[in-house]
Amino acid sequence: MNHLKIQKSPVELDLKDFSLKGEPITYQHRVLKDVSSIFLDQDAIKKMPTETLVYHVQSWLPVDEGTRGGLSFGTSTILPGKVGNEYFMTKGHFHSLSDRAEFYWGVQGDGMLILMDRDRNTWAEEVYPGSLHYIGGEIAHRLANTGSEDLVVGACWPSDAGHDYQEIATNGFSARLLEVDNNPVLIDYEK
Ligand code: M6P
Ligand code: ZN
């Protein structure tokens, strides 16, 4: 019984790097060999160590994934780096339930939130400490680190949103974020 109890939440957030401490936290690490297929320059990949860390995610899932009405909380950290001239990035996904939205917000570093609708129109929002991003339920989302330090981004999404990776794994995003003359540029790869 919690009646009249005063206690700490089971999870704390470090406000400097947004890391989570407490129970139960899940960790995901994505090294180059896990995500190699998302990058354009497959020759460049072959020259890089396969265990190179691309990004890692800490999540607090207070209720099981799939629970209606619940919320999940995460911190994504994308390392600085490129494959050829394409920035290190997350796999990216649509939500399985397309009426489930998500918030992202920038904590540290510089990057881009790459967004794509179901008609495969792709655009991006700049991510920086304090940037706040509403991602509609129909919109695929992927983070890329365009800077020289870790890109740290907080996220909060409905527990039953689900991750649909299939469409992105099969067809990718319609545009890629490449470095051109030292600047990030979205380039259409479908036309
Ligand atoms: C954020 C949230 C998570 C997601 C993670 C990594 O923390 O959107 O739901 O899993 O980023 O992104 P991805 O699943 O696309 O690799
Ligand atoms: Zn999502």
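Whatever order the structure lists them in is the order used to number ligands and atoms, beginning at 1.
- Atom 6 (C) of ligand 1 has its closest protein heavy atom at V57 CG2, 3.7 Å.
- Remark: R176 fails to qualify as a cation-pi partner of Y87 under the 6.0 Å distance and 45° angle criteria applied to the six-membered ring.
- Using a 4.0 Å cut-off to heavy atoms of Y55, the atoms of ligand 1 that qualify are 13 (P), 16 (O).
- Among protein heavy atoms, the minimum distance from atom 14 (O) of ligand 1 is reached at Y165 OH, 2.4 Å.
- We find that K21 and E12 are not joined by a salt bridge, their nearest charged nitrogen and carboxylate oxygen being 4.0 Å or further apart.
- Distances from the Zn ion (ligand 2) show that H141 has an N/O/S atom below 2.8 Å.
- Distances between N or O atoms of T90 and those of ligand 1 include no value under 3.5 Å.
- S174 places no side-chain N or O within donor-acceptor distance of the main-chain N or O of N121, the cut-off being under 3.5 Å.
- Aromatic pair W105/F73: ring centres closer than 6.0 Å.
- Considering backbone and side-chain N/O of S76, one or more are found under 3.5 Å from N/O of ligand 1.
- A cation-pi arrangement is absent between K82 and F88 under the rule of less than 6.0 angstrom and at most 45 degrees off the ring axis.
- Note: H95 and H141 meet the aromatic proximity criterion, with ring centroids under 6.0 Å apart.
- Residue Y104 places at least one N or O, backbone or side chain, under 3.5 Å from an N or O of ligand 1.
- If you number the atoms of ligand 1 from 1 as listed, the ones under 4.0 Å from a heavy atom of H163 come out as 3 (C), 4 (C), 9 (O), 10 (O), 14 (O).
- Remark: ligand 1 atoms within the under-4.0 Å shell around heavy atoms of E102 are 2 (C), 8 (O).
- Short contacts between ligand 1 and A155, defined as distances under 4.0 Å to a heavy atom of the residue, involve ligand atoms 1 (C), 2 (C), 7 (O).
- Considering backbone and side-chain N/O of G92, one or more are found under 3.5 Å from N/O of ligand 1.
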